[in-house]
Amino acid sequence: MARRREERERRRREREEAERTAQRQSARARRLQAIGGVVLGVAVIAVVIILVVAGGMDHRRGATASAATLDQAAQAAGCTLKSPPIEGRDHTSGTVKYKSNPPTSGAHNPQPAPDGVYDPGTTPAPENYVHSLEHGRIELQYAPGSSQKTIDALVALFNEPVNGSPGYHALLFQNNTDMPAAVAATAWGQMITCPRLDAATIDALRTFRERYTDKGPEFIP
């Protein structure tokens with residue numbers, strides 16, 4: 001009898017010890033899982049912060065690089081960049097005297113001038129093409145009396161794809177505001193004027209177009 005009791009007692013102690021060992025192992029596993037989850041969470045947060053910061057820095061660098069590239073292209077071509085004050089956005093059916101030449105903003109006709117290349121003598125009224133600027137269009141202009149070579153070069157520039165489409169959101173026409181420049185490009189609140197047309201000028205106009213296409217206060221496809 002005594003030996004049976006001793007045997008039962010021994011087995012009981014072994015079961016209890018096995019249970020305590022299992023509990024310790026389970027608790028340790030839970031601690032390791034919790035620590036791993038915290039470490040993983042911290043790592044994920046760190047990666048997100050790095051990506052956000054890096055993305056923001058890249059965006060700022062891209063904007064700065066774009067502005068610097070445009071400044072450099074304009075300077076190389078002997079062109080002048082200006083950001084005339086915004087003159088308003090009201091609709092009018094009358095004639096408007098614009099403060100900048102060529103016009104870059106202001107009251108305008110309710111009907112915008114359509115995108116495209118306009119033959120000499122068919123240029124829309126300034127009140128119509130200022131409305132087009134409001135819609136984010138780029139307008140390439142040449143002075144009356146320009147050579148066919150100048151016009152052809154601007155037509156070739158006009159037809160260069162932007163956003164995958166030749167002539168995307170752009171107008172090309174003979175200036176009708178007596179601008180002092182030989183060629184110019186305008187966007188809403190922005191202009192580049194150049195004394196001549198050569199390869200450097202084309203590059204400056206192209207860079208201006210890339211910088212300001214679809215940057216008007218209204219986006220109209």
Side-chain angles (χ1 to χ4, degrees), residues 63-87 96-106 108 113-163 165-216:
T64 302
S66 177
T69 300
L70 178 55
D71 287 341
Q72 292 165 1
Q75 184 175 6
C79 300
T80 301
L81 290 168
K82 290 184 179 179
S83 301
I86 300 300
E87 300 177 31
V96 179
K97 186 178 175 111
Y98 295 103
K99 296 179 181 178
S100 68
N101 190 11
T104 55
S105 69
H108 46 264
D115 300 346
V117 176
Y118 292 80
D119 292 331
T122 65
T123 300
E127 291 77 18
N128 296 98
Y129 61 70
V130 167
H131 194 165
S132 304
L133 294 177
E134 186 183 37
H135 293 173
R137 269 49 180 178
I138 299 299
E139 295 173 353
L140 303 169
Q141 306 180 41
Y142 54 91
S146 295
S147 67
Q148 189 61 47
K149 182 179 179 181
T150 292
I151 297 172
D152 291 344
L154 290 174
V155 169
L157 174 62
F158 174 91
N159 285 322
E160 290 182 3
V162 173
N163 289 344
S165 300
Y168 177 82
H169 288 183
L171 293 78
L172 169 60
F173 50 78
Q174 178 179 279
N175 175 263
N176 58 0
T177 61
D178 294 323
M179 69 176 186
V183 292
T186 53
W188 182 262
Q190 305 292 336
M191 64 190 299
I192 180 170
T193 54
C194 306
R196 60 189 170 275
L197 185 67
D198 54 22
T201 304
I202 290 293
D203 184 59
L205 296 175
R206 179 186 296 115
T207 307
F208 181 92
R209 182 184 184 188
E210 292 171 352
R211 176 70 177 83
Y212 290 115
T213 294
D214 290 340
K215 295 299 191 298

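Below, all heavy atoms of this structure are taken into account, side chains as well, without hydrogens, waters or symmetry copies. Since this is a predicted model, take the numbers as computed values, not measurements.
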Asker: Atom CD in Gln72, atom CG in Leu70: separation rounded to 0.5 Å?
Answerer: 9.5 Å
Asker: Which atom names give the shortest non-hydrogen contact between Met179 and Ala184, and what distance separates them?
Answerer: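 That would be SD-CB, 3.8 Å.
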Asker: Does Ser146 reach the main-chain N or O of Thr150 with its side chain, forming a donor-acceptor pair under 3.5 Å?
Answerer: no
Asker: Under a 3.5 Å distance rule, please check whether Asn128 uses its side chain to pair with a backbone N or O of Pro124 as donor and acceptor.
Answerer: no
Asker: Is there a side-chain contact (heavy atoms from CB on, under 4.5 Å) between Leu157 and Leu205? Walk through the geometry before answering.
Answerer: CA-CA 8 Å; Leu157 174 62; Leu205 296 175; 3.7 Å; yes
Asker: Do Pro126 and Val96 come close enough that some side-chain heavy atom pair is under 4.5 Å?
Answerer: no
Asker: Is any side-chain heavy atom of Tyr212 less than 4.5 Å from a side-chain heavy atom of Thr186?
Answerer: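 Side-chain contact under 4.5 Å: no.
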Asker: Given Pro102, which of Val130, Asp178, Thr193, Asn176 fulfils the side-chain contact (heavy atoms from CB on, under 4.5 Å) condition?
Answerer: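 It is Thr193; the other options fail the test.
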Asker: Pairs in or reaching into residues 123-132: which pass salt bridge (Lys or Arg N to Asp or Glu O under 4.0 Å), with residues at least two apart or in two chains?
Answerer: none
Asker: If you compare all heavy atoms of Ile192 against all heavy atoms of Ala74, which two are closest, and at what distance to 0.1 Å?
Answerer: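 The answer is CD1-CB, 4.1 Å.
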Asker: Applying salt bridge (Lys or Arg N to Asp or Glu O under 4.0 Å) as the test, list every pair that has at least one member in residues 180-195; sequence neighbours left out.
Answerer: none
Asker: Going by atom types only, do Asp119 and Thr122 share a side-chain donor-acceptor pair under 3.5 Å?
Answerer: no
Asker: Stepwise, does the side-chain contact (heavy atoms from CB on, under 4.5 Å) test hold for Thr104 with Gln190?
Answerer: CA-CA 6 Å; Thr104 55; Gln190 305 292 336; over 6 Å; no
Asker: Do Thr213 and Tyr168 have side-chain heavy atoms sitting under 4.5 Å apart?
Answerer: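 Thr213 reaches Tyr168 side chain to side chain.
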Asker: Can you sort out the partners of Tyr98 under ring-ring contact (aromatic ring centres under 6.0 Å, His included), two or more places apart, ordered by chain and number?
Answerer: none
Asker: Just jot down the side-chain contact (heavy atoms from CB on, under 4.5 Å) partners of Pro120, sequence neighbours excluded, or say none.
Answerer: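 Per chain and number, Pro120 pairs via side-chain contact (heavy atoms from CB on, under 4.5 Å) with Tyr142, Ile151, Gln174.
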Asker: Main chain of Thr201, side chain of Arg196: is a donor-acceptor contact present, judged purely on distance under 3.5 Å?
Answerer: no
Asker: How long is the span from the CG atom in Leu133 to the NZ atom in Lys215, to the nearest 0.5 Å?
Answerer: 14.5 Å
Asker: Are Asp203 and Arg206 ion-paired here, with the side-chain N under 4.0 Å from a carboxylate O?
Answerer: yes
Asker: I want to check something: taking the side chain as every heavy atom from C-beta on, are Met191 and Pro84 in contact at a cut-off of under 4.5 Å?
Answerer: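 When only atoms from C-beta onward are counted, Pro84 and Met191 do touch, with a gap below 4.5 Å.
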Asker: Go through Phe173 and Leu140 one step at a time and tell me if the side-chain contact (heavy atoms from CB on, under 4.5 Å) criterion holds.
Answerer: CA-CA 7 Å; Phe173 50 78; Leu140 303 169; over 6 Å; no
Asker: Quick one: which residue pairs count as a salt bridge (Lys or Arg N to Asp or Glu O under 4.0 Å) with a foot in residues 136-145, not counting sequence neighbours?
Answerer: Asp115-Arg137
Asker: Between His108 and Trp188, how do the two ring planes meet: parallel, tilted or perpendicular, split at 30° and 60°?
Answerer: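 Judged by the thresholds at 30° and 60°, the geometry between His108 and Trp188 is perpendicular.
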Asker: Under a 3.5 Å distance rule, please check whether Glu87 uses its side chain to pair with a backbone N or O of Lys99 as donor and acceptor.
Answerer: yes
Asker: Any heavy-atom pair between the side chains of Leu154 and Val183 that's under 4.5 Å?
Answerer: yes
Asker: Does the side chain to side chain donor-acceptor pair (under 3.5 Å) test come out yes or no for Asn163 and Ser165, once each step is laid out?
Answerer: CA-CA 6 Å; Asn163 289 344; Ser165 300; over 6 Å; no
Asker: Just checking Gln75: does its CD atom have more than 12 heavy atoms from other residues, nucleotides or ligands closer to it than 6.0 angstrom?
Answerer: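 Open.
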Asker: Before you tell me yes or no, could you show the steps for Ile138 and Phe208 under side-chain contact (heavy atoms from CB on, under 4.5 Å), namely the whole-Å CA-CA distance, both residues' side-chain angles and the distance that decides it to 0.1 Å?
Answerer: CA-CA 9 Å; Ile138 299 299; Phe208 181 92; 4.2 Å; yes
Asker: Between Ser132 and Ala113, is there a donor-acceptor pair closer than 3.5 Å when you use the side chain of the first and the backbone of the second?
Answerer: yes
Asker: Which pairs with one or both residues in residues 171-202 pass disulfide (SG to SG under 2.5 Å), sequence neighbours excluded?
Answerer: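 For residues 171-202, and leaving out neighbouring residues, the disulfide (SG to SG under 2.5 Å) pairs sorted by first residue read Cys79-Cys194.
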Asker: Where is the tightest heavy-atom contact between Asn101 and Pro180, given as atom of each residue plus distance?
Answerer: ND2-CD, 4.0 Å
